[in-house]
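For reference, the structure is listed below as structure tokens.
Since we're looking at a predicted model, the values are computed, not measured.
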Amino acid sequence: MIWPLILLAGSMLGFAQDEDLSALETALSPDITTTPTSRRWSIRRDSKTGSDKDISGRSLDLRSILEEGFRKNPFEQIRGQQREQFELTKTDINQRFWLPKVSLDMQAGNHRVDRWRTSQQNTPEMGAQRAATGSLGVVIDEYTLFNWGRDYLQYLNEKQTVSRQTQQLLEARRRLKFSLISQYFSLIRFKEILKIKQEQLRQTSFIHRLAKEKLQLRKIQVQEYYQTRSEYLRAQTEYQQALFDVGIEEENLANLLGDEYRGSYRSVEQLKYVSLNTSQDEALKYSQEQSVQYRDAKLAYDNASRTYEKTLKDNLPLPKFSFNLGTYRTGFDPDGTSWNYETTPGNRNLELVAAINMRWTILGEGGFFNSRDNQRAFLNKRITEISFFNTRRLLEVKVRTIFRTLRYLEQNVEVSTSQSKNAQKNYDSVLDNYIGNRASYADIKLAIDNLVLSLTNAENFKYDHLNKKLELADFMGLEDFPGENFESLAAR
């Protein structure tokens, strides 16, 4: 007689606490936890949260994302201004080396505009004069004809540096494109996971209500009822966390777009899985020619090599050959104007001259005959050379590692797709058996956990595969793989 009373008391306690749980269901997600018309697992498209028919959010597609990102991203706008700066610098470098500098020079001394007080000892020559004294002329600076390649080495360093800076802007634009693609599909992935968690919540709510009915009929123990209750609360927590994760992803996308983000985003596109078709040898070839790391290391090595060569030439008594086209100047003063032309002070002849300007250290900083300066330049060249070849090695290792990871992810995508289909069939079968009292709660819990895990893994593996492809394309210095366009991965 004691056991029926215990079961009755447990049932009454469960019903009392279940009233609070029902209120919780209604407060958190009344549209999700209601009893479904079909008890089968089905990711619905008509829910107000994360659905394709959500008209409250801003509709996006991949092509519009890229166009808007390139147009409104603040860092891309800054790079547009920097690009103009580098073009100006490039023009200055070319003209400074190839052309003489011609300038218009104007000078005027102090001249009197007004006199507020005249001294009693004033003389005509005292103070500033009414007429200005000065000159106006065209000045042509000294032009070097031959300097044993020293100026040319410096010119090559400056030219290659500014060209690399321009390349870096294009590489940053390519990385922005990859970031937009990655973030867009990351948002889609989290919205899909949200739908999975939503359906998990719907199913656990149904199982919990079913357990309540079974408890009323005394077909299960109170322990099993509380287990279904705990599972429902866990599903509710995971669903709320998925909502939070979607909000974070939308914020990240808004920052990349330069958008004010006044609402949620929605999309009808899905990530289409496409296996990698580029060969490993082709990826290695491109990475050794066009990757960011290779170009940076090559720039440092080339500049250090030319700097060392220039340092050696600077330490030799090599004459510099130059000529001066002079200054054409018109002077003016109180007595009138005058015209003058001279190449150097007191000289009007046009001459080709050679000059040597050298200083060697005997004792002190720089070492005997500047030996330490030469050694320092050589060591810097060796450092950049070692770094250059190490960068090539690291690139090869990285590309091979990415290829292995991609093959691993491709296998996981195929396995997880098959696993999710099998897990869904298994869950439907176990649910029918649980309703018919032919399966235990442990069976239904294991089935739903496997289904949620397999569906989530399928989304994560597809996204990870895309990210690795983007990473490989960046190492290859390409915006798209040969014969494959990243924009085509968005499928409706």
Side-chain angles (χ1 to χ4, degrees), residues 41-45 49-52 60-66 175 177-200 238-239 241-243 245-246 248-250 252-253 256 265-278 280 283 399 401-427 449-476 478-481 483-492:
W41 182 282
S42 174
I43 297 180
R44 295 182 294 171
R45 300 292 182 179
T49 52
S51 70
D52 294 341
L60 297 176
D61 61 78
L62 183 55
R63 293 184 184 275
S64 65
I65 283 286
L66 296 177
R175 286 182 171 178
K177 173 185 176 180
F178 289 167
S179 297
L180 287 167
I181 294 174
S182 175
Q183 186 57 46
Y184 175 67
F185 284 118
S186 178
L187 176 59
I188 291 177
R189 171 181 58 134
F190 275 96
K191 282 185 175 288
E192 287 299 312
I193 293 176
L194 175 62
K195 296 171 189 175
I196 295 171
K197 297 299 181 180
Q198 173 182 323
E199 182 63 18
Q200 177 189 11
E238 292 180 0
Y239 174 71
Q241 180 62 42
L243 281 174
D245 293 338
V246 168
I248 295 296
E249 295 301 313
E250 289 181 335
N252 293 336
L253 182 59
L256 278 176
Y265 297 122
R266 61 188 177 90
S267 175
V268 296
E269 294 179 330
Q270 296 292 323
L271 173 59
K272 181 173 67 174
Y273 165 71
V274 178
S275 61
L276 181 67
N277 296 322
T278 303
Q280 181 172 281
V399 169
T401 302
I402 292 176
F403 254 84
R404 285 197 299 268
T405 304
L406 279 169
R407 299 311 179 196
Y408 157 78
L409 289 171
E410 287 172 357
Q411 293 177 358
N412 276 341
V413 169
E414 296 176 359
V415 171
S416 63
T417 302
S418 301
Q419 182 185 6
S420 60
K421 294 178 181 178
N422 181 75
Q424 184 159 353
K425 293 178 181 179
N426 177 64
Y427 173 74
D449 286 345
N450 284 338
L451 179 54
V452 171
L453 179 62
S454 61
L455 290 173
T456 304
N457 283 342
E459 295 296 329
N460 289 333
F461 285 140
K462 283 199 304 181
Y463 177 73
D464 292 341
H465 182 264
L466 169 67
N467 263 350
K468 282 300 177 181
K469 288 173 68 176
L470 292 173
E471 184 180 3
L472 179 61
D474 188 56
F475 274 107
M476 294 172 64
L478 300 176
E479 290 199 5
D480 296 290
F481 290 117
E484 180 181 339
N485 192 328
F486 282 116
E487 296 180 20
S488 64
L489 296 181
R492 293 180 179 270

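One side chain, Y184 or E269, offers a donor N or O that lies under 3.5 Å from an acceptor on the other. Side-chain N/O atoms of S182 and Y463 include a donor and acceptor closer than 3.5 Å. Between the side chains of E471 and N467, no donor-acceptor pair is found at a separation under 3.5 Å.
In this structure, NZ in K462 is found 10.5 Å from CG in L489, a value given to the nearest 0.5 Å. Taking CG from L60 and CG from L187, the interatomic distance works out to 8.0 Å, rounded to the nearest 0.5 Å. One finds the CG atom of L253 at 10.0 Å from the OG atom of S267 (value rounded to the nearest 0.5 Å). Once rounded to the nearest 0.5 Å, the distance linking CZ of R407 with CD1 of I402 reads 12.5 Å. Taken from CD in E249 to NZ in K191, the straight-line distance is 10.5 Å, to the nearest 0.5 Å. In this structure, CG in D464 is found 10.0 Å from OG1 in T405, a value given to the nearest 0.5 Å.
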Worked verdict on F461 versus T417 for side-chain contact (heavy atoms from CB on, under 4.5 Å)
CA-CA 10 Å; F461 285 140; T417 302; over 6 Å; no
For V452 and T456, run side-chain contact (heavy atoms from CB on, under 4.5 Å): C-alpha distance rounded to whole Å, both residues' side-chain angles, the deciding distance at 0.1 Å, then the answer.
CA-CA 6 Å; V452 171; T456 304; 4.1 Å; yes
Evaluate the criterion side-chain contact (heavy atoms from CB on, under 4.5 Å) for residue pair Q270 and E192; output intermediate values, then yes/no.
CA-CA 9 Å; Q270 296 292 323; E192 287 299 312; 3.0 Å; yes
Run the side-chain contact (heavy atoms from CB on, under 4.5 Å) test on N460 and I193 for me, step by step, so that the C-alpha distance in whole Å, both residues' side-chain angles and the decisive distance to 0.1 Å come before the verdict.
CA-CA 9 Å; N460 289 333; I193 293 176; 3.8 Å; yes
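Counting heavy atoms from C-beta outward, L455 and E199 have side chains that stay 4.5 Å or more apart. Using a 4.5 Å heavy-atom cutoff, the side chains of Q183 and I65 are not in contact. Side-chain contact between R404 and T401 is present, with heavy atoms from C-beta onward closer than 4.5 Å. When side chains are defined from C-beta on, E484 does not count as touching T278, because their heavy atoms never get closer than 4.5 Å. Counting only heavy atoms from C-beta outward, the side chains of F486 and L470 approach each other to under 4.5 Å. Side-chain atoms of N450 and Y427, non-hydrogen and from C-beta on, never get closer than 4.5 Å to each other. With contacts defined as side-chain heavy-atom distances shorter than 4.5 Å, the pair S418/V415 does not qualify. Using a 4.5 Å heavy-atom cutoff, the side chains of V274 and K469 are in contact.
Salt-bridge formation is not detected for the pair R189/E459: no Lys NZ or Arg NE/NH1/NH2 atom is positioned less than 4.0 Å from an Asp or Glu carboxylate oxygen.
Shortest non-hydrogen contact noted between L472 and A283 is CD1-CB, 4.1 Å. Of all heavy-atom pairs between S179 and L256, the closest is O-CD1, 3.6 Å. Looking at every heavy atom in both residues, S454 comes nearest to S420 through OG-CA, 3.4 Å. Contact record, V246 with F190: CG2-O, 3.6 Å, taken as the closest heavy-atom pair. The nearest pair of heavy atoms linking E479 to F178 is O-CE2, 3.4 Å. Smallest separation of non-hydrogen atoms from H465 and S275: CE1-CA, 4.1 Å.
Remark: the backbone N or O of S416 is not paired with any side-chain donor or acceptor of N457 at under 3.5 angstrom. Side-chain N or O atoms of Q419 include none that pairs as donor or acceptor with a backbone N or O of E414 at under 3.5 Å.
Every residue two or more places apart in sequence or in another chain that forms a salt bridge (Lys or Arg N to Asp or Glu O under 4.0 Å) with D474 is listed here: R174, R175.
No more than 12 heavy atoms of other residues, nucleotides or ligands sit less than 6.0 Å from atom CZ of R63.
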